[in-house]
Amino acid sequence: MMEAQYRAPGSVDEAVALMAGAGGKGRVLAGGTDLLVQMRAGMVAPGLIVDVKRIAEMTAISQIAGAWRVGAAVTGAEIHDHAGLKKAWPGVVEAINLIGSKQVQGRASAGGNLCNASPAADSVPALVAAGAIATVQGPNGRREVPVEQIPAGPGKTSLKPGEIVVSFTLPARPAGSGDAYLRLIPRTEMDIAVVGCGVNLTMKDGTCTAARVALGAVAPTVLLVEGAAKALVGSKLDDKAIEAAAAACRAACKPIDDKRGTIVYRTKIAGVLLKRAVAIAAERARSN
Amino acid sequence: MMLREDRSPRRYEAALKVRGAARFTAEIPVASMLHAALVLSPLPSGRVGRIDAGEALALPGIVRVLTHAEMPRIDRPGVLIPLQGPDVHHAGQPVALVAATTPAAARRGAASVEVAYERRPAILNLADGEPFAPKTAGRTATDSRRGDPETALRQAEVAIGRRYTTATNNHHPMEPQCVTAQWDGERLTVLTTTQAVFAHRLAIAECFGLRPEDVRIVSHYLGGGFGAKGGAWFPHLVMAIAAARVLGRPLRLELTREQMFTLTGRRQETVQDLKLGATKDGRLTAIVHESLAPTSMFGEYADALATVTRVLHACPNVATRQRLARVNAPQPNPARAPGEGPGSFALESALDELAYELDLDPLELRLRNIAAHDQHVDLPWSSNGLRECYRAGAASFGWARRPMRPGSLREGHQAIGIGMAAACYPAYRMASEAAVGIGADGRVKVRCGTQDMGSGTYTVLAQLAAEALGMSYAEVDVELGDSLLPEGPYSGGSMATASFTPAVETAARDLRGRLLALASADAASPLAGIAPERMSIADGMIRSGNRSEPVSELVARRAPQGLEARAGAAPEARPDFSAFGFGAVFAEVRVDSDLGEVRVSRLTAAYAAGRILNPLLARSQFVGGLIWGVGMALHEATVMDPHLGRVVGTSLADYLIPVHADMPAFDIHMVEEDEPRLGSGGVKGIGMLGTVGTAAAIANAVFHATGRRVRDLPIRVEHLLRPD
């Protein structure tokens, strides 16, 4: 065990410089609901902790030309209370609000949830279904990365040394759009998803014109299930189309057996959650 | 039952706890104390070789690293006091203790100690152990037999035989175990989280060759215990005290949540075979209940799995048999409703299965088998309120509207099921002393060296004294949790309240008599010359006819130093009756047909548990017991790696307990019982009863919802998965 240095810079540039200077020993601290637990458990021992909660850009929610930009360190509680974001992206907001308990919501952020890179992270399937783009800044400047490209495996991301996820951009919504996120856990709240499913739909005159489907906890990373989206697009969300989408979800699953759920169970449930999430997203799309 | 305000006053220590003024063990600093952290064995079986503490000792704040080589020898058979030798019997066993000036330094030091091990073969699974008969099962005989159950089974008109299993559970009180040990020559003060101030004083004195009166144990507030702060905590308590002696400085050891999975006992897993025989009209003719459970390599403990089987239902032919097998795992210990919880899951599930074999309503089956007396010991009941529990619970729950056929009730995705089970728990007691005094300021003081696990002991001690004296509850102060006080009972086996109640009431009545005699004999009192039996005390006033005097004025004048009465009470050596609390639990569950998700939506329970001192606290105790039943049924399992012998997932994120959102609507009924024969003042004990039968009621409801009989706890979603 070693002493960790703590810094709380006021700008992304400073934070990136600190991370780049830490030689791989730096860790970003947002809410700390994963990092501090892992440190106490002896799983990680960072040499430098860079607290990003004092960086304005990372803790703000703003709307630009219909798109929403959400700072990576914005807490679940702030997102919960944001009426505009909730109206546009109820599935994303619900997914973020499922992380931990009320107390954890006061700290935890979607950026932390993404960068912790758990295959079961609740916010990630919803963000992937939403088509969220992450703004990433590193020593070589900024780049825009689709959220699904950030996780690289359990506990691993594709971020390069010194890179920080600054914010997410949720695209402007066409009329008739709706999203939803559902997960299964063994008890009613405060647990890690056994399966999670995010669905984002756009409907026009009763026909699905665009769809994105993402699954969590059924593979080493969150999956964007294009086969499921294909089955839905062009359909009137009839039973046949939805069953085909559910079959695509089951086929995409590459889960593990563990004490939270078996392979057979997770695979079956992926299809069930898809059907239920589509129903909720479609209902929301109709009323938007 | 109505909650009468005067019988359910505000919790005695509520304001202290809300303000944070109630100081728990780990919040009490002791001057110049050191902090301990433990180095734990990763192996389930082996021998400690070289221990290299060089790196740890070089770290700032580290004072000393203690291993078995430096610790004094303590002779205590049957328990594994750590750091007494090089042998490792389970993964997680402490092999070294690091003492440092801060907790963080101690933890850092512990992480830097290098230990070499010689690995030895281990038995990691119950099935691999060699079964043997333990000396006892809890407080009961290991095996029992009445009549000829084998023949009765062969001749039964209907017979079933089923295997049920339950998982290892951990207690996990919110407050981790903690001890601060302070030596002063041959005198010892121990601040610790204990359910047994006096039992621990005696056992610690024996371990260190001290006189009991030279050992002081203090435990003012507890954040739960459930069995994990009694004998389960003792070995590590002793280890820390021994380490403090070697160090020559006060030492605090506070366990981590992770260590609470391995160092403070566990509810043992069980494999139970239940055979039932019955007539076609549903009279039980035979019960055979055989079980196997693990114990550790060094200790012997068996939950009393068959207690309920032996007495709950009438049956002439009953055999019960318990076996243990040794595994390289932590020592099991009592956990809330120790054997009665898992044992009743098997029995009451089997009753439900029998009801379906007979096509008989499960409640009707039980009503046909109410035991007129305790057939196990062949004694009359002190009282048996089971029939009234069935009636009150069923009526409130709406049992009569339940269709018999499984899978009959639905709502959207959800299959709805209704199930029930019966419960009983022995009314235990032990010896207790108590003192009740009054000062010149008119304040009453109750002193009793028992402890409050958070269940309301402070409150009921104050209530008992106030009521017996005729003073108001607000005028009573309580001292407990200290071995300097009169000897109070252990908090376990649902026996603390039944044990101290007669002592407190006798002392209070004695004090009352002395106050009245004083008034009668005191020429300065308005009550002078009146016979004590013609006086009464109410609201702090002694009255007779139109004459009265405040108790405080009498005491100030006649006994300015105050008055105190002390009394003791002990259980009957050989009572001519059998005393149990009884109950009936009714559960409604909702099972998502596509997901297999089970949620308990309603729990109605009716209990006949003797005299209820405080209906509000009693309700909380029953609800707490029921929640343990929900946990046992649906969530809780300490998973052991079958190859490494370690606990898988040692946090409350991995060990699932029910959370608030899992709570059903609770509907609790308390059947009033008159218990003049019980020397406990009519108290039977309630802490365990709520956990008995509850898991079976839930499993039976799951069967009713889905048609699937789950015989293995906890019930998992996979158990209920339907093939596509």
Side-chain angles (χ1 to χ4, degrees), chain A residues 1-4 33-34 36-43 45 98-104 118 120 182-197 243 246-247 249-251 255 257-277 279-280, chain B residues 37 55-56 59-60 104-112 167 256-258 412-413 590 592-601 630-631 634-641 647-664 714-724:
Chain A
M1 224 185 279
M2 58 188 289
E3 298 287 347
T33 58
D34 286 311
L36 298 184
V37 175
Q38 289 165 8
M39 286 172 66
R40 286 199 66 155
M43 292 160 66
L98 281 173
I99 301 166
S101 61
K102 198 93 184 163
Q103 291 90 332
V104 167
S118 162
L182 290 176
R183 67 160 183 193
L184 185 108
I185 59 171
R187 65 184 175 194
T188 306
E189 63 177 14
M190 284 174 61
D191 199 4
I192 298 165
V194 176
V195 180
C197 178
E243 185 44 57
C249 283
R250 287 193 293 267
D257 266 328
D258 69 9
K259 69 193 181 90
R260 287 180 193 280
T262 61
I263 291 171
V264 172
Y265 184 75
R266 288 176 198 263
T267 304
K268 178 187 158 71
I269 292 321
V272 177
L273 293 187
L274 176 280
K275 291 180 190 175
R276 294 188 184 178
I280 297 167
Chain B
E55 192 186 326
L59 291 169
R107 283 198 300 273
R108 198 174 301 144
S112 304
T256 64
R257 182 61 59 183
E258 182 179 4
H413 297 301
R590 288 164 178 261
D592 188 306
S593 302
D594 302 316
L595 301 174
E597 227 177 33
V598 181
R599 299 289 184 256
V600 180
S601 43
V630 174
L634 299 181
H635 303 293
E636 296 187 46
T638 303
V639 179
M640 301 295 288
D641 184 306
V647 178
V648 180
T650 50
S651 76
L652 289 180
D654 291 294
Y655 184 86
L656 296 187
I657 56 172
V659 294
H660 282 291
D662 292 311
M663 290 302 103
I715 297 171
R716 294 176 55 95
V717 283
E718 286 86 357
H719 286 134
L720 302 169
L721 184 64
R722 291 183 181 282
D724 278 310

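All chains are named by letter (A, B, ...) in the order of the sequence lines, taking the proteins before the strands, and each is independently numbered beginning at 1. Computed from a predicted structure; not experimentally measured.
What you find for B:Ala653 and A:Asp191 is that their closest heavy atoms are O-OD1, 4.0 Å. Closest of all the heavy-atom pairs between A:Lys268 and B:Asp594 is CE-O, 3.4 Å. In this structure, A:Thr262 and B:Glu718 approach most closely via the heavy-atom pair N-OE2, 3.0 Å.
Within the 4.5 Å cutoff, side-chain heavy atoms of A:Arg187 are placed close to those of B:Ile657. In this structure the side chain of A:Tyr265 reaches within 4.5 angstrom of the side chain of B:Leu595, judged on heavy atoms.
For B:Leu652, the part lying under 4.5 angstrom from a heavy atom of chain A is the backbone only. Contact of B:Leu634 with chain A is not made at all, since no heavy-atom distance falls under 4.5 Å. Contact annotation for B:Val717: both backbone and side-chain heavy atoms come within less than 4.5 Å of a heavy atom of chain A.
The environment of A:Lys102 atom NZ is sparse: at most 12 non-hydrogen atoms of other residues, nucleotides or ligands sit within 6.0 angstrom.
Of the residues considered (B:His660, B:His413, B:Glu258), B:His413 shows the highest number of contacts with chain A, using heavy-atom pairs under 4.5 Å. Ranking A:Val195, A:Leu273, A:Thr188 against chain B, the residue ahead of the rest is A:Thr188, based on heavy-atom pairs under 4.5 Å.
For B:Glu597, the salt bridge (charged side-chain N to carboxylate O under 4.0 Å, His left out) partners are B:Arg599, not counting sequence neighbours. For the salt bridge (charged side-chain N to carboxylate O under 4.0 Å, His left out) test, residues two or more places apart in sequence or in another chain that qualify with B:Asp592 are A:Arg276.
Side-chain atoms of B:Arg716 do not come within 3.5 Å of backbone N or O of A:Pro186 as any donor-acceptor pair.
Under the 4.0 Å criterion applied to side-chain N and carboxylate O atoms, A:Arg260 and B:Asp654 are assigned as salt-bridge partners.
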